[in-house]
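Below is one structure, written out as C-alpha cells, with a few remarks after it.
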Amino acid sequence: MCAKKEPVKGLKPLDGAECGKVVMRFAPNPNGPPTLGSTRGIVVNSEYVKMYEGKLIIRFDDTDPQTKRPMLEAYDWYLDDCKWLGVVPDQVVIASDRIPLYYKYARQLIEQNNAYVCFCTSEDFKHLKDAKEPCPHRNTSPEANLIQWDKMLSGEYEAKDAVLRLKTDIRHKDPAIRDYGIFRIIKESHPRPEVNDRYIVWPLLDFEGAIEDHELGTTHIIRGKDLMDSEKRQMYIYKYLGWEYPKTLHWGRVKMHGFGKFSTSTLRRAIEEGEYSGWDDPRLPTLRAMRRRGIQPQAIRKFMIEMGVGETDMSISMDTLYAENRKMVDPIANRYFFVWDPVELTIADVEACTARPPKHPTGDKGHRSIDVAGRVLICMDDMKQLKTGSHIRLKDLYNVEITSVAPLRAKYIGDEVTDLKKERMKIIHWAPVDGIPVKVLSPDGEFKGMGEKMIATELDKIVQFERFGFCRIDSVSSEIVAYFTHR
RNA sequence: GCUCCGGUAGUGUAGUCCGGCCAAUCAUUCCGGCCUUUCGAGCCGAAGACUCGGGUUCGAAUCCCGACCGGAGCACCA
C-alpha cells in the first residue's frame, strides 16, 4: 500500500523512510490533558506511520516529579483521546518505569569517562560555562565518579548538591551544548504508585529521550523547534554509545486565534480556583473540550494534516477547523428551534395546530412535531425589529401581523409561503411556550432559553439550532444542556 | 551576551533542496450575485502574497550576502 501511495495532502514524504520499517513516537508529559497543540503530534505521527505501515509508540516522558509533575489521570486521558482520534498505538512506554535502563547507560558513560558528577552550584557552573571554562569536577577520574554516582543513587547527597553531566565540548560555540546535565536529584515522590519514592535520581529530558529513541528503534522524530538543540546535545550520547541518530523534523510554535496563552500549569490553577468548570470547559483548547462541543475527530485530523510540518511559527484561526467540521456535521445534524432571551407572542384568530418542520432541509430525515395554541416564544432580538403592522413568517408555521408591541400581540394572516415571497416577509424561528428549557454553554458564555421538546431525543448528537448554530446535546433532563460547536 | 531557526494573500498551505513550465497552488476568510420557509448548507464570481536591499545569472519566491522582523535555546522543565 505505501509503495505507490500518494503522499497525504499536506504531509511530505519522510526522508529515508522505508515501507514497513518506520518507527515513530509521540512523547508527551502527562501533566495535563491533550490540547490542540499536542494533537498535532498525535495526528501527524500516526498519519506518517499509517502512510509507511510503520509502528507508533506513545511514550510518557514523566521523569520530573517536581516542576512538571505528572497528573495520574492524564495518562489515561492521552490514551483515551488518541482512541477518539482513531489512533491506536502499537506500544505504550512509561519512562518512569524504565529508570534502571537509564542508570545502566549512565554508568557506562561514566566508565567511559564521558560523564562526571558535578558539585558546582548552577550559578557557578553557568559562569564557568559561559566563559568556556571547565569546572573543577570535570577531571575527576571515572573510578571516583563511579563512587560519587553511587552516593547520588543511595541518597547521600541532597537535591541540588550534585548532578551528573555529560562531557561534550566545553568550548563549543553554542553555549547550549556545553556539558549539559543529564541526571539530577529529586527527593520528592512520583505520583504513580508503582514508582512512588523508589528513585531519587532522575534523568533529564535530553538523556531520557536519547536513550529511549534508540532503545525503541525510533527511525524518525518530529519535535518542536524549541527542541532543535536536542539533536546537537543528544548526538554526543549517540556518538559515545556508537548509535545512529534518527532522522529529525521540526515544527514551529502554534497559537490558536481566539484562545489566549495557556500553559498547563496556569490552566490547572485556574481550574482549581473554579474559573473554569474543568478540563473540558468549552472555553478551553483541550481535546476534551473539543470533543464535548461536538468537533468531529476527522475534522481535527484533516485540519492538523493540512497544516503540515513547517518550521514557521503560525497562529491559526479556529474558523478553519470549524469550517472543516461544519462540512462533516451539516449533512447529519437535525434542525431544531431554540429561542434565546425569549419573549412571548400572543396570536389571535388562530386555532391550535401542530407544526411539522423537517428535521433536515435536504436529507429525508422525517419531521418534528410541535403543538401550538396561539402563543409562541420568539427571540428578544427579533422582537426589537418589530413594529405594529409588521408581517412576519413564523418558520414552518404560519404568517402573522403584529398588532401591538407593548404587550406583544399578533394576529394570524395565513399559511401561504408564497405570500412571504411577494411581501419579502422576514422569517423567524420560534419555540412553544411549553417546550423544554435549554442552556447552551459556549466559548463566549451561556445562552438560556426555550427549545422544542424533541431536542430531548438527540442526547449526545450534534444538532443545529436554526439561526443560532451547531451544538452537541450534552445532557437531557428537565432541562437540556448543550455545548456550542460553532455557527 | 552567545547560539540556532524561520519570514509566500487576513489566516494556513503548495512551490524553495535539484533556478526557467510560478504574471505563483489549494483551503479558509472577506466582498458581490444566485438559490433556499435558518443569519446554515449549496452554486457562481471577485479580491488578496513571494519582508526589504544588494549580488550571481540570459533568467531568482527559489542560490549568495546584508538588513529588518518574528520565534527558540543557553534549567538540577518537558
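Computed from a predicted model, the values in this text were never measured in an experiment. Every chain is numbered from 1, with letters handed out A, B, ... down the list of sequences.
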For nucleotides rG55(B) and rG45(B), find the distance between their C1' atoms and express it as a whole number of Å.
43 Å
If you measure from the C1' atom in rC65(B) to the same atom in rA78(B), how many Å do you get, rounded?
38 Å
Describe the nucleic acid contact of F470(A) in one word from base, sugar-phosphate, nothing, applying a heavy-atom distance below 4.0 Å.
sugar-phosphate
Using a heavy-atom cut-off of under 4.0 Å over every strand shown, decide if L227(A) touches base, sugar-phosphate, or nothing.
base
With rounding to whole Å, what would you report as the distance between rC4(B) and rA9(B) at their P atoms?
27 Å
On the nucleotide rA75(B), are OP1 or OP2 found under 4.0 Å from the side-chain N or O atoms that K129(A) carries?
yes
Among the nucleotides rG12(B), rU13(B), rU37(B), whichever has the atom closest to the side chain of T312(A) is rU13(B)
Do W149(A) and H137(A) have ring centres separated by under 6.0 Å?
no
N/O donor-acceptor pair, side chain E324(A) with base rU28(B), under 3.5 angstrom
no
When the C1' atoms of rC69(B) and rC26(B) are compared, how many Å lie between them, rounded to an integer?
27 Å
In this structure, how many angstroms lie between the P atom of rU29(B) and the CZ atom of R487(A), rounded?
13 Å
Classify R69(A) by what it touches in the nucleic acid, base, sugar-phosphate, or nothing, heavy-atom distance under 4.0 Å.
nothing
So, H391(A) and E423(A): side-chain donor and acceptor under 3.5 Å apart, yes or no?
yes
Below 4.0 Å: OP1/OP2 of rC76(B) and any side-chain N or O of T121(A)
no
Using atom CG of D226(A) as one end and atom C1' of rA75(B) as the other, report the distance to the nearest whole Å.
14 Å
Kindly point out which of rA72(B), rA75(B), rU3(B) is positioned nearest to the side chain of R253(A)?
rA72(B)
Flag this pair as yes if the NZ/CZ of R223(A) is under 6.0 angstrom from the six-membered ring centre of W251(A) and inside a 45 degree cone about the axis; otherwise no.
no
Options rG12(B), rU37(B), rG40(B), nucleotide nearest the side-chain atoms of R326(A):
rG40(B)
Minimum-distance nucleotide (side-chain atoms of D330(A) versus rG1(B), rA41(B), rC4(B)):
rA41(B)
So I316(A), base contact, sugar-phosphate only, or nothing? Heavy-atom distance under 4.0 Å.
sugar-phosphate
Please state the P separation for the pair rG7(B) and rU13(B) - nearest whole angstrom.
10 Å
Is there a Watson-Crick or G-U wobble partner for rG66(B) with both distances under 3.5 Å, and which nucleotide is it?
rC52(B)
For rA14(B) and rA75(B), measure between their P atoms and round to the nearest Å.
34 Å
Answer yes if the side chains of H360(A) and T362(A) hold a donor-acceptor pair under 3.5 Å, and no otherwise.
yes
Sticking with atom C1', work out how far rC44(B) lies from rA61(B), rounded to a whole angstrom.
32 Å
rG12(B) pairs with which nucleotide, Watson-Crick or G-U wobble, both distances below 3.5 Å?
rC26(B)
Per nearest nucleotide of RNA chain B, the residue lying toward the 5' end, I428(A) or K225(A), is K225(A)
Partner nucleotide, any strand, of rC4(B) [Watson-Crick/G-U, under 3.5 Å]:
rG71(B)
Classify C120(A) by what it touches in the nucleic acid, base, sugar-phosphate, or nothing, heavy-atom distance under 4.0 Å.
base
For rG32(B), the Watson-Crick or wobble partner whose two distances fall under 3.5 Å:
rC44(B)
Any base atoms under 4.0 Å from T63(A), or only sugar-phosphate, or nothing? Heavy atoms, all strands.
sugar-phosphate
Nearest-nucleotide pick for E311(A), side chain only, options being rU3(B), rG12(B), rC5(B)
rC5(B)
Which residue in the set K167(A), R165(A), R138(A) passes salt bridge (charged side-chain N to carboxylate O under 4.0 Å, His left out) when paired with D179(A)?
R138(A)
Take atom CZ of F26(A) and atom C1' of rA78(B), then tell me their distance rounded to the nearest Å.
12 Å
Under 6.0 Å from the ring centre and within 45 degrees of the ring axis: does the NZ or CZ of R192(A) meet both conditions for the six-membered ring of F60(A)?
no
Under a 3.5 Å cutoff, is there a donor and acceptor pairing between the side chains of Y105(A) and E215(A)?
yes
Which listed nucleotide (rU38(B), rC76(B), rA78(B)) is nearest to the side chain of V163(A)?
rC76(B)
What does D61(A) touch in the nucleic acid at a heavy-atom separation under 4.0 angstrom: a base, only the sugar-phosphate, or nothing?
sugar-phosphate
Which sits closer to the 5' end of RNA chain B, D206(A) or R178(A), going by the nucleotide each is nearest to?
R178(A)
From C-beta outward on K173(A), which listed nucleotide comes closest to its side chain: rU3(B), rU11(B), rA41(B)?
rU3(B)
Gap in Å between the two C1' atoms, one belonging to rC21(B) and one to rG15(B), rounded:
13 Å
Roughly how many Å is it from CZ in F484(A) to C1' in rG40(B), rounded to a whole number?
11 Å
Please step through side-chain hydrogen bond (donor to acceptor under 3.5 Å, both in side chains) for the pair E208(A) and T63(A), ending with a clear verdict.
CA-CA 8 Å; E208(A) 179 264 330; T63(A) 54; 4.7 Å; no
Would you mind reading off the distance between Y78(A) atom OH and rA78(B) atom C1', rounded to a whole angstrom?
10 Å
Find the distance I427(A):CD1 to rU37(B):C1' and express it as a whole number of Å.
4 Å
Does the side chain of K327(A) get closer than 4.0 angstrom to OP1 or OP2 of rU28(B) through an N or O atom?
yes
What's P361(A) touching, base or sugar-phosphate or nothing? Going by heavy atoms closer than 4.0 Å.
base
Between Y102(A) and F183(A), does the ring centroid distance fall short of 6.0 Å?
no
I need the NZ-P distance between K12(A) and rC17(B), as an integer number of Å.
12 Å
When the distance from CZ of R223(A) to C1' of rG71(B) is rounded to whole Å, what number comes out?
18 Å
May I ask you to say what D64(A) touches in the nucleic acid, namely base, sugar-phosphate or nothing, with a heavy-atom cut-off under 4.0 Å?
sugar-phosphate
When you measure from the side-chain N and O atoms of R335(A) to the phosphate of rU37(B), is any distance below 4.0 Å, counting only OP1 and OP2?
no
Presence of S315(A) side-chain N/O under 4.0 Å of rG12(B) phosphate oxygens OP1/OP2
yes
Among rU28(B), rC74(B), rU11(B), the one nearest any side-chain atom of H257(A) is rU11(B)
So if I take every side-chain heavy atom of R184(A) and compare against rG12(B), rU37(B), rC77(B), which nucleotide ends up nearest?
rC77(B)
Side chain of D174(A) (C-beta onward), nearest among rG73(B), rU38(B), rC77(B):
rG73(B)
List, one per line, each side-chain donor-acceptor pair under 3.5 Å for residues 310-319 of chain A, sequence neighbours excluded.
{"residue": "D313(A)", "atom": "OD1", "partner": "R253(A)", "partner atom": "N", "Å": "2.8"}
{"residue": "S315(A)", "atom": "OG", "partner": "H257(A)", "partner atom": "NE2", "Å": "3.2"}
{"residue": "S317(A)", "atom": "OG", "partner": "D319(A)", "partner atom": "N", "Å": "3.0"}

